[in-house]
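In what follows, every chain begins at residue 1, and chains take the letters A, B, ... in the order their sequences are listed.
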Amino acid sequence: MKIQSVRGMNDVLPADSAAWQHVHAVAAQVFAAYGYGELRLPVVERTELFKRAVGEVTDVVEKEMYSFEDRGGEALSLRPELTAGVVRAGIEHGILFNQQQRVWCTGPVFRYERPQAGRYRQFHQLDVEAFGIATPDADVEVIAIAAQLWKRLGLSGFELQINTLGTPGCRAKHRAALIAYLEQHEAGLDEDAQRRLHSNPLRVLDSKVPATQAIVEGAPKLLDYLDEASIAHFDAVKAGLDALGIAFRVNPRLVRGLDYYTHTVFEWVTDQLGAQGTVCAGGRYDGLVEQLGGPKTTGVGFGLGIERLILLMGVQQVAVTSNAPQVYICRMGAAAEVQALQLAEALRDQFPTLRLVLNAGGGSLKSQLKRADQSGARYALVIGDDEAAAGSVQVKSLRGEGDAFPCPRSDVAAELGSRLAL
RNA sequence: GUGGGCGUAGCUCAGCUGGUUAGAGCUCUGGAUUGUGAUUCCAGAGGUCGUGGGUUCGAGUCCCAUCGUCCACCCCA
């Protein structure tokens with residue numbers, strides 16, 4: 001029996017890693033452009049952290065966590081999202097006390113679910129968080145970061161959906177009223193809706209079942225429970241997005257699955273990825289830090305699914321910075337092999353960004369050139385007995401830039417430097 | 001956890017109502033061209049037909065189980 005990777009946990013092969021490197025490079029650049037600093041965190045945290053942050057009765061905590069006891073009996077979990085760990089670390093190192101803090105984080109997260117298109121058990125997120133800014137300009141900033149990222153990656157076709165959940169107070173009042181209303185009509189609800197009634201009543205509002213929909217029509221609306229400050233906050237977010245020319249749609253049914261959200265919630269959605277169209281999602285979580293034992297401070301941020309982002313880049317065929325070699329050196333004959341070895345190292349010394357492959361493992365010139373071609377290199381350098389004796393190198397274009405020509409060895413660096421703009 | 005599709009060469013797949021030795025394309029290796037790739041031609045290598053059981057004179061093909069994978073539901077990035 002061959003040993004395979006764990007279900008839903010995938011390898012990224014060299015042919016695909018260029019896209020990942022591109023995403024990380026562009027993201028790091030964008031986050032820096034907004035003054036966000038990177039946080040690197042452990043993949044494992046105490047299970048208790050996620051129970052308290054994400055919510056005890058959420059699907060993520062109830063049935064999707066990889067939880068285990070370590071040898072010392074500690075209850076630990078592979079992180080199912082990044083925000084909880086970011087907040088934990090922020091509190092632990094005292095960087096959330098009485099100050100603003102802009103941070104980002106990336107890495108693998110884990111959820112035990114059935115894999116499907118755009119959903120995996122180990123997946124990767126980019127996470128952006130702004131702490132200590134209670135005003136709606138932080139909500140706008142965080143959304144703008146995502147928009148900037150799409151712009152720089154060359155992605156389009158998203159719909160930005162936004163909604164407000166108000167304060168925990170109005171949210172709770174609405175929730176109570178909603179549950180009371182739905183309980184009165186429980187018999188008329190479909191099976192799914194009855195199950196969600198207590199676990200996630202806001203989700204019932206989203207039902208597609210006609211009978212349930214009819215009941216939902218008369219249900220208490222969150223909008224009616226929002227206080228003036230919440231409405232003003234939401235209006236300011238919308239105004240900020242308008243000012244930036246970021247199109248959005250208010251979706252009153254937009255509810256996030258994690259308990260900690262307050263006020264603004266948003267999703268960047270695409271219809272190009274099948275059933276899992278949410279690429280980036282987030283919102284404000286003003287109570288979370290305090291709830292985890294930190295100071296009373298606000299937070300707003302988002303999580304972005306890298307796999308979904310990369311799938312979308314494939315669909316939209318966006319250009320990715322190539323990491324294919326630029327030059328491949330073919331060599332045969334004892335003297336030439338040594339000269340080529342020295343030349344390769346000298347070229348790398350002189351041009352730190354040059355991507356150069358030196359043929360290894362021998363082979364006929366024919367087979368070496370075949371490898372050169374398939375490596376994606378633009379030029380092959382050929383050094384055989386003749387060139388070794390003459391102190392020259394043959395420069396050969398593999399991409400239709402004219403015939404091969406001999407070049408004195410001392411001039412090779414200059415020749416490549418100008419041709420490849422090194 | 002529920003439902004459906006699919007498991008045949010490294011990859012993408014064909015293989016009829018069960019019937020000799022399981023095929024193609026791509027890739028790879030070698031040759032045509034003593035040292036010139038990508039095009040062309042020739043040759044070669046590469047298979048426990050996912051696994052286990054059953055039916056049958058005979059199973060890649062039918063049945064059962066199991067594992068894997070993909071898609072969808074639930075939920076979510």
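- For A:R114 and B:C73, the shortest distance from a side-chain N or O to OP1 or OP2 is not below 4.0 Å.
- Cation-pi geometry between A:R121 and A:Y112 is satisfied (NZ or CZ under 6.0 Å from the ring centre, within 45° of the ring normal).
- Between atom OG of residue A:S397 and atom CZ of residue A:R419 there is a gap of 7.5 Å, rounded to the nearest 0.5 Å.
- In this structure, the separation between CG on A:L82 and CG on A:L41 is 7.5 Å, given to the nearest 0.5 Å.
- The CG-C1' distance, from A:L311 to B:C70, rounds to 13 Å in whole Å.
- Nucleic acid contact for A:E387: base, since at least one base atom lies under 4.0 Å from a heavy atom of the residue.
- Separating the CD atom of A:E64 from the P atom of B:C73 is a distance of 14 Å, rounded to the nearest angstrom.
- Separating the CD atom of A:Q394 from the C1' atom of B:G37 is a distance of 12 Å, rounded to the nearest angstrom.
- Residue-to-nucleotide proximity on RNA chain B shows that, of A:A281 and A:R119, the 5′-proximal contact is made by A:R119.
- Proximity of A:Q125 to the phosphate of B:A77: no side-chain N or O atom is located under 4.0 Å from OP1 or OP2.
- Using modelled atom types, one side-chain atom of A:H24 and one backbone atom of A:W20 make a donor-acceptor pair closer than 3.5 Å.
- Across all strands shown, A:F302 has no heavy atoms under 4.0 Å from either base or sugar-phosphate atoms.
- Between B:U12 and B:G4, the distance separating the two C1' atoms is 23 Å to the nearest Å.
- Using a 4.0 Å cut-off between charged nitrogen and carboxylate oxygen, A:R378 and A:D373 do not count as a salt-bridge pair.
- Contact annotation: A:Q374 reaches the phosphate of B:C28 (side-chain N/O to OP1 or OP2, under 4.0 Å).
- Across all strands shown, B:U69 forms a Watson-Crick or G-U wobble pair, both distances under 3.5 Å, with B:G5.
- Distance alone, capped at 3.5 Å, places no donor-acceptor pair between the A:S392 side chain and the A:R409 backbone.
- Under the Watson-Crick and G-U wobble criteria, each requiring two contacts below 3.5 Å, nucleotide B:C76 is left unpaired.
- Residue A:Y260 contributes atom OH, which lies 12 Å from atom C1' of B:C76 at whole-angstrom precision.
- Base pairing of B:U21: no nucleotide in any strand meets the Watson-Crick or G-U wobble criterion (both distances under 3.5 Å).
- Rounded to the nearest Å, the gap between the C1' atom of B:U69 and that of B:C11 is 16 Å.
- Across all strands shown, A:G400 has no heavy atoms under 4.0 Å from either base or sugar-phosphate atoms.
- Remark: C1' of B:G68 and CD of A:Q4 are 6 Å apart, rounded to the nearest angstrom.
- Here, B:G47 and B:G23 have their C1' atoms 11 Å apart, quoted to the whole Å.
- Annotation: B:A45 and B:U29 have their P atoms spaced 16 Å apart (nearest Å).
- Here the separation of B:G30 from B:C49, taken at their C1' atoms, is 29 Å to the nearest Å.
- If you measure from atom CD of A:Q116 to atom C1' of B:C75, you get 10 Å, rounded to the nearest angstrom.
- Nearest-nucleotide mapping onto RNA chain B: of A:S397 and A:Y120, the residue sitting toward the 5' end is A:S397.
- Of the side-chain N and O atoms in A:K366, one or more sit less than 4.0 angstrom from OP1 or OP2 of B:G37.
- A:A117 comes within 4.0 angstrom of sugar-phosphate atoms only, judged by non-hydrogen atoms across all strands, and of no base.
- Taking side-chain N and O atoms only, A:Q276 has no distance below 4.0 Å to OP1 or OP2 of B:A77.
- Base pairing annotation: B:U55 forms no Watson-Crick or G-U wobble pair, as no partner gives both donor-acceptor distances under 3.5 Å.
- Within 4.0 Å of A:V382, counting heavy atoms only, lies at least one base atom of the nucleic acid.
- Among the atoms of the strands shown, none is found under 4.0 Å from any heavy atom of A:E81.
- Judged by Watson-Crick or G-U wobble contacts below 3.5 Å, the nucleotide B:U61 has no partner.
- The nucleotide B:U40 finds its pairing partner in B:A32, both defining distances of the Watson-Crick or G-U wobble pair being shorter than 3.5 Å.
- Taking atom C1' in both B:U20 and B:C63, one finds a spacing of 25 Å when rounded to whole Å.
- Residue-level contact check: A:E267 touches neither bases nor backbone, having no heavy atom under 4.0 Å from any strand.
- Under a cut-off of 6.0 angstrom, the local environment of NZ in A:K173 is sparse, with at most 12 non-hydrogen atoms contributed by other residues, nucleotides or ligands.
- As rounded to whole Å, 14 Å separates atom P of B:G68 from atom CG of A:N10.
- Residue contacts for A:R371: at a heavy-atom cut-off of 4.0 Å it reaches no nucleic acid atom on any strand shown.
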